[in-house]
Amino acid sequence: MLLDLVDIIRENWLLLLIGQYPNGPLGGFAATLILSVLSIALAFPLSVLIAFARFSTNPLLLWPATVLVYVARGVPLLMLILWVYFMVPLLIGANVPGFVTMLVTLVIYEGAFLSEVVRGGIVALGRGQVETARALGHGYFGAMIHIILPQALYNVMPSILSQFVSAIKETTLGYVINVPELTFAANQVNNQLLTKPFEVFFLLAIIYFLVCWTLTRAALVLERRIAHKRAGMPGVALSLNPQMPVPEP
Amino acid sequence: MQDFDLVAVLTNPEFRAMLLGGLVMTFVVAVGSWCLAMGLAITLLVVRLVPGRVTEWLVGTYVAYHRNVPTLVQLMLWYFGISSLLPDGLQMFLTDNNGEAVFAIVALGLCQAAYFSEDLRSGLRAVPPGQTEAARALGHGFIGTMRHVLMPQALRNALPSLINHSVSLFKNSSLAMAIGVAELTHAVKEVENQSFQTFEIYLIATIAYLVCSLAIMAVGAVLSRQAAIAGAR
């Protein structure tokens with residue numbers, strides 16, 4: 001079996017790595033990586049805006065942001081992909097490639113989830129920071145940009161990295177709308193070989209595992225380092241994830 | 001695009017039957033895998049409590065694998081891969097008896113068990129060690145301490161994340177369409193192909209998913225309120 005795995009890698013490594021690139025669209029692992037990096041990079045600014053809107057007292061900002069977050073939390077990503085696949089060509093009046101469809105969906109979806117992370121980071125900072133900043137003469141946005149966000153975003157860096165791992169895992173759903181990424185390439189390999197489905201999909205699982213596990217470990221190390229750094233500061237909660245119970249003293 | 005007509009889709013008996021059938025299948029997959037996941041999560045938790053490096057490593061590997069490999073890939077590995085390793089008789093039996101749904105329940109259940117067991121474990125770890133010592137001092141044995149003192153508090157701590165992960169399990173049931181399970185998203189695609197009323201059908205399905213997810217979150221909120229101790233910090 002191990003020999004089969006080596007054979008599959010030797011014969012298909014290029015397809016798994018970059019898809020049919022010079023002769024077709026960029027695919028394989030490269031597409032997976034580009035898709036997840038781009039989606040997080042674009043979702044991040046969006047998430048900060050959504051988080052601000054969720055703190056706002058203006059119903060015109062508060063309501064759409066709240067609805068967006070709950071829709072993203074309550075509706076399967078697959079359903080959102082179908083929506084974007086259907087709506088984006090209608091709105092812009094032209095067909096878009098599956099890669100773009102997937103990117104748009106992931107930016108909205110990850111933006112909503114990241115906004116909860118950012119919001120959690122701001123809440124965990126406590127009211128004292130805002131009050132002090134305001135007392136020192138900062139305006140609302142000045143306090144947010146110069147005092148709150150730098151601290152909150154630094155504290156939630158591990159969670160952002162975890163969200164990046166989620167993004168890598170979510171790009172697999174592009175397979176459903178034929179986006180040429182890693183899972184799609186593995187299915188191509190499987191359709192060529194026909195006789196070794198277990199080996200092909202086991203190999204696929206190993207590749208995802210190695211990438212995501214490494215990043216998860218990195219997030220853990222980062223979290224420990226930040227918690228250690230913060231430990232010296234009184235009044236700052238060590239638990240950065242608001243859903244997790246803070247251990248009682 | 002045709003005119004917006006929600007009623008036409010809902011009153012067409014064929015479409016309504018397909019969508020309802022899809023919804024029922026979504027519930028079957030979600031509830032089935034939830035039960036499997038919870039049973040397995042408790043087993044994993046108990047195994048992890050047994051002191052020893054081997055059990056610790058085994059459970060750790062199980063959890064790491066299921067959390068770091070995309071759920072869709074796990075589904076494919078089960079449906080295309082592991083199914084091909086089964087004996088022929090069993091393969092035939094599964095093909096005749098809705099094998100896709102069985103594999104979907106197994107794959108989603110095993111995957112979610114990793115999340116549930118981690119939730120329970122961090123809930124248990126958040127219970128102060130004094131509780132164990134006090135329970136043992138009062139004459140409870142290991143089982144009694146677990147059952148009457150530690151687990152009730154651990155469950156209370158773990159409740160919010162258990163609910164969150166139950167919602168994602170429900171949402172992940174939609175992935176089963178990729179291996180051909182006739183659940184809601186699959187039914188949506190079928191009805192769309194026949195009626196071309198994409199907007200209406202997507203809207204119906206989205207609302208159905210949203211209502212169910214919000215209902216799970218609401219039940220969770222009620223449970224958390226009931227579980228909360230009056231006057232607790």
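Lettering of chains follows the sequences in order, A, B, ..., and the numbering in each one begins at 1.
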Task: Side-chain touch N187(A)/M76(B), heavy atoms, less than 4.5 angstrom - done: yes
TODO: Determine, step by step, whether V165(A) and R67(B) satisfy the side chain to side chain contact (heavy atoms under 4.5 Å, CB included) criterion, reporting the C-alpha distance in whole Å, the side-chain angles of both residues, the deciding distance to 0.1 Å, and the verdict.
DONE: CA-CA 10 Å; V165(A) 175; R67(B) 293 215 299 189; over 6 Å; no
Task: Option that, when pairs with chain B are counted at under 4.5 Å, heavy atom only, ranks first among T183(A), T172(A), V200(A) - done: T172(A)
TODO: Check whether Y175(A) gets within reach of chain B through its side chain, its backbone, both or neither, counting any heavy atom under 4.5 Å.
DONE: side chain
Task: chain A contact via L203(B) - which portion, at a heavy-atom distance below 4.5 Å - done: both
Task: From CA spacing to verdict: side chain to side chain contact (heavy atoms under 4.5 Å, CB included), Y70(A), M217(B) - done: CA-CA 10 Å; Y70(A) 273 89; M217(B) 291 180 206; 4.1 Å; yes
TODO: Please collect all side-chain hydrogen bond (donor to acceptor under 3.5 Å, both in side chains) contacts where either partner lies in residues 78-101 of chain A, sequence neighbours excluded, each pair once.
DONE: W83(A)-T206(B)
TODO: With a 4.5 Å cut-off on heavy-atom pairs, point out which of L173(A), L82(A), L80(A) contacts chain B the most.
DONE: L82(A)
TODO: Report, by ascending residue number, the residues of residues 29-37 of chain A in heavy-atom contact with chain B at a distance under 4.5 Å; give 'none' if the set is empty.
DONE: none
Open item on the list: Using a 4.5 angstrom heavy-atom cutoff, name the option from D119(B), L210(B), N172(B) with the most pairs to chain A.
Closed with: L210(B)
TODO: Of all the heavy-atom pairs spanning P76(A) and K171(B), show the shortest one and how long it is.
DONE: CB-O, 3.6 Å
Task: Interface moiety of V127(B) toward chain A, non-hydrogen atoms closer than 4.5 Å - done: neither
Task: Residues of residues 6-13 of chain A near chain B, each having a heavy atom less than 4.5 Å away - done: none
TODO: Could you go through the side chain to side chain contact (heavy atoms under 4.5 Å, CB included) check for N68(B) and Y208(A) one step at a time?
DONE: CA-CA 7 Å; N68(B) 286 309; Y208(A) 276 115; over 6 Å; no
- [ ] Just give me the residue among G130(B), A208(B), S174(B) that pairs up with chain A most often, heavy atom to heavy atom, under 4.5 Å.
- [x] S174(B)
Open item on the list: Applying a heavy-atom distance below 4.5 Å, give me the residues of residues 188-199 of chain A that approach chain B, sorted by number.
Closed with: P197(A), F198(A)
Task: pair V73(B)-K169(A): side-chain heavy atoms closer than 4.5 Å - done: no
Task: Which portion of L85(B) sits near chain A, non-hydrogen atoms under 4.5 angstrom - done: side chain
